[in-house]
Amino acid sequence: MRKFLLVLLLLMLTSMATIAREIPSELKSYVEQSFPKTNFRFDGVIILPDTTVYLPLFPSKPIDVEELQVKTTIPANKTLAQKPEVVIFNNDYVFLKVINQQDGSKTVVVPSTIPAEITTGLLPQDMLVPRGLVIPENLKGIIGNLDIRLAENPGLKVSVPQNKGDINNKVTPVEQLKNKTFYVATGYSKNIQVINSENKSPAYALSQNYVPNDMKAYNNEYLLVTSFGCPTINVISLADEDIIKQIHLTSKPDEILIDNEKKIAYISSSEGSSIFVVNLESMTLAKQIKINGMCEKLTLSDDGSKIFYFDKKTHEIWAIELDNNYLLKDIGKFPNVSKIAFSNNKIYITSRTKNHLAIVDYDTNGLIAEIDICEKPIDMLAFENSLFVLGANDNVVQVISTETDKLTDSIYLNTRGFSTNIDKIENSDLAIISDSRASIYCVLDLKNKRVVKVSPIEVPIRTIVVTDRVKKLNK
């Protein structure tokens with residue numbers, strides 16, 4: 001009996017290890033020879049560049065092979081480049097092609113004689129199954145404990161009221177914003193508004209159980225969302241428009257920073273005095289960094305080596321040296337900090353009430369200068385050798401040279417609103433300036449230091465994320 005229990009435990013651990021394993025790198029390389037830029041999603045789904053979807057079956061015991069090859073296909077004698085319905089590799093991994101049916105459901109092919117590689121294989125157990133997938137009865141063994149969703153399940157997508165009296169919903173965006181999608185959190189609604197860049201009103205929304213606090217996109221595939229009162233990070237697949245994973249934390253998360261180079265997200269928790277580190281390749285919690293105080297106003301240095309934050313309890317600013325065993329460095333006490341920036345080894349700190357910019361040398365902690373700036377400096381953005389300071393009171397962007405620390409330009413928005421945020425648009429030299437009072441946003445050219453577009457938008461912006469338009473998998 002004891003031997004039987006040991007064997008059973010070993011089989012269970014082997015099965016769990018099989019499920020947790022990623023698709024082998026040699027298999028990924030083999031696929032990429034025929035289909036460069038294939039998306040091997042962290043949950044196991046394989047998406048070819050034309051959005052053809054394959055589901056992998058993990059073998060209970062993979063075979064070590066000297067040279068990876070396709071052993072057989074259904075239909076027979078096809079190459080991977082021809083995208084057959086079933087691909088069986090000589091290491092016993094299997095790819096099942098997702099087939100769209102006329103009634104809107106999806107399925108996989110059922111061969112008359114089912115190969116052993118299929119009957120003994122198992123789908124990844126944390127996979128977000130394509131909506132409406134119907135697994136044939138004689139293949140039910142591959143499912144395991146997966147949750148299969150109905151075709152009519154809309155995921156997160158919900159309709160929004162449309163202003164039928166407004167016949168002019170169109171906006172002409174600047175060239176760099178064409179075919180973009182805006183994801184907007186308003187600060188009061190639980191729903192994330194989804195707006196095409198050519199329109200001023202939302203096309204629809206993505207429902208959430210709590211009001212979103214912060215959002216960031218990763219790799220134009222996922223949206224990471226923190227919410228007020230919720231100790232969970234939602235990871236939304238933009239292609240599925242559904243929650244692909246929830247990362248549960250020990251305290252409520254607040255702000256999100258993304259390091260694209262290191263494929264890491266840093267998420268602050270003021271109540272937990274922590275910075276959580278998330279691995280963006282696996283969407284798993286990698287580390288919890290315990291810090292001093294109640295952190296907010298997070299800033300990541302351009303090289304990804306330091307995080308700065310403001311302790312709203314003591315009014316101290318701290319630096320975390322990420323490459324130095326997470327060493328904490330006390331920068332000093334500053335009142336009413338609205339934003340922190342870092343450039344040329346200097347820390348730039350705005351005070352919303354004192355209307356000035358403090359400049360501190362990082363190595364010595366010495367005060368280099370204090371500059372009088374616009375009233376109510378609410379946000380900052382460092383770009384190349386310039387610092388863009390957004391003043392809410394006069395709707396002005398003041399430009400500071402980070403080489404000379406002198407004011408070089410004042411860019412007046414002339415919007416008669418109350419500017420709140422300046423957010424750089426990824427892979428561009430543009431930034432979006434949002435407004436909490438006026439139903440508009442401004443597009444700022446950071447290189448030429450000028451406003452290139454003022455566009456209407458029908459929802460207030462607390463947080464905005466701009467992505468390339470993503471082709472949906474469930475259509």
Side-chain angles (χ1 to χ4, degrees), residues 154-163 166 169-174 176-218 220-228 230 233-243 253-258 378-379 381 390 392 413 415 417-428 430-444 453-470 472:
L156 300 177
K157 188 174 179 178
V158 293
S159 60
V160 297
Q162 299 293 324
N163 186 358
D166 186 359
N169 184 37
K170 294 296 181 183
V171 171
T172 304
V174 296
Q176 296 97 317
L177 288 181
K178 286 183 178 178
N179 298 314
K180 300 284 187 180
T181 301
F182 298 162
Y183 295 91
V184 176
T186 63
Y188 62 84
S189 171
K190 294 180 181 179
N191 294 342
I192 299 168
Q193 308 298 315
V194 183
I195 305 172
N196 295 325
S197 58
E198 293 83 7
N199 299 125
K200 65 181 181 180
S201 60
Y204 55 93
L206 303 178
S207 64
Q208 300 287 282
N209 290 329
Y210 299 85
V211 175
N213 182 356
D214 197 11
M215 303 187 301
K216 291 291 188 299
Y218 174 63
N220 210 65
E221 297 172 30
Y222 309 111
L223 195 65
L224 279 70
V225 184
T226 62
S227 301
F228 294 104
C230 177
I233 305 165
N234 282 346
V235 183
I236 298 173
S237 165
L238 299 181
D240 298 88
E241 294 188 322
D242 211 343
I243 294 173
D254 302 309
E255 301 171 55
I256 304 171
L257 297 175
I258 299 285
I378 198 167
D379 203 359
L381 174 64
L390 177 63
L413 305 179
T415 57
F418 191 88
S419 302
T420 49
N421 296 93
I422 177 168
D423 297 291
K424 187 177 180 298
I425 301 170
E426 206 167 318
N427 301 318
S428 78
L430 301 179
I432 280 186
I433 300 172
S434 51
D435 196 297
S436 63
R437 186 181 298 163
S439 300
I440 57 170
Y441 63 90
C442 299
V443 181
L444 181 67
K453 188 76 177 180
V454 178
S455 294
I457 191 166
E458 286 193 349
V459 295
I461 300 172
R462 172 187 168 84
T463 306
I464 185 168
V465 172
V466 181
T467 71
D468 294 334
R469 201 152 295 164
V470 177
K472 309 306 177 187

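One-based numbering along the sequence shown.
Looking at heavy atoms from C-beta onward, N220 lies out of side-chain contact with L238 at the 4.5 angstrom threshold. Side-chain contact between K180 and D468 is present, with heavy atoms from C-beta onward closer than 4.5 Å. Side-chain contact between L390 and L413 is present, with heavy atoms from C-beta onward closer than 4.5 Å. Proximity of P202 to V194: side-chain heavy atoms (C-beta onward) are nowhere separated by under 4.5 Å. Side-chain contact check for N199 versus K170: some heavy-atom pair is nearer than 4.5 Å.
When all heavy atoms are compared, the tightest approach of P460 to V184 is O-CG1, 3.7 Å. Between G187 and R462, the shortest heavy-atom distance links the atoms CA-CD, 3.5 Å. When all heavy atoms of V211 and S189 are compared, the pair lying nearest together is CG1-O, 3.8 Å. Across all non-hydrogen atoms, the minimal contact from I258 to A217 is CG1-O, 4.2 Å. Between F228 and P212, the closest heavy-atom pair is CE1-O, 3.5 Å. Heavy atoms only, all atoms of each residue included: Y183 and I192 are closest at CB-CG2, 4.0 Å.
Taken to the nearest 0.5 Å, the OH atom of Y218 stands 14.0 Å off from the CG atom of L223. Going from atom CG of L206 over to atom CD1 of I236 covers 5.5 Å, rounded to the nearest 0.5 Å. Going from atom CD1 of I422 over to atom CD1 of I433 covers 4.5 Å, rounded to the nearest 0.5 Å. Distance check, rounded to the nearest 0.5 Å: CD1 of I440 to OG1 of T415 gives 4.5 Å. How far CG of L156 is from OH of Y204: 10.5 Å, rounded to the nearest 0.5 Å. In this structure, CG on L430 lies 5.0 Å from CD1 on I425, to the nearest 0.5 angstrom.
No donor-acceptor pair closer than 3.5 Å links the side chain of N234 to the backbone N or O of I243. Using a distance-only test at 3.5 Å, with no hydrogens or angles considered, a donor-acceptor pair links the side chain of E198 to the main chain of N179. The backbone N or O of F418 lies less than 3.5 Å from a partner atom in the side chain of D435, making a donor-acceptor pair. A side-chain donor-acceptor contact under 3.5 Å links S197 to the backbone of L177. Between the side chain of K424 and the main chain of I432, no donor-acceptor pair closer than 3.5 Å is present. Checking side-chain atoms of K216 against main-chain N and O of I256 turns up a donor-acceptor pair under 3.5 Å. In this structure, K453 contributes its side chain and T172 its backbone to a donor-acceptor pair below 3.5 Å.
For F182, the ring pair (Phe, Tyr, Trp, His ring centres under 6.0 Å) partners two or more places apart in sequence, or in a different chain, are Y441. With sequence neighbours excluded, no residue forms a side chain to side chain donor-acceptor pair (under 3.5 Å) with T186. Listed by chain and number, the residues in a salt bridge (Lys or Arg N to Asp or Glu O under 4.0 Å) with K190 amount to none (sequence neighbours excluded). Partners of D423 by side chain to side chain contact (heavy atoms under 4.5 Å, CB included), not counting sequence neighbours, listed by chain and number: N421, I464. Evaluation of the side chain to side chain contact (heavy atoms under 4.5 Å, CB included) rule for T463 yields A185, D214, M215 as partners, not counting sequence neighbours. Residues meeting the side chain to side chain donor-acceptor pair (under 3.5 Å) test with S419, sequence neighbours left out: N395.
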From CA spacing to verdict: side chain to side chain contact (heavy atoms under 4.5 Å, CB included), N213, E255: CA-CA 7 Å; N213 182 356; E255 301 171 55; 5.8 Å; no
Stepwise side chain to side chain contact (heavy atoms under 4.5 Å, CB included) test for I195 and V459: CA-CA 10 Å; I195 305 172; V459 295; 3.7 Å; yes
Pair Q176-N427, side chain to side chain contact (heavy atoms under 4.5 Å, CB included): steps then yes or no: CA-CA 10 Å; Q176 296 97 317; N427 301 318; over 6 Å; no
Step-by-step side chain to side chain contact (heavy atoms under 4.5 Å, CB included) determination, R469 to N196: CA-CA 8 Å; R469 201 152 295 164; N196 295 325; 3.6 Å; yes
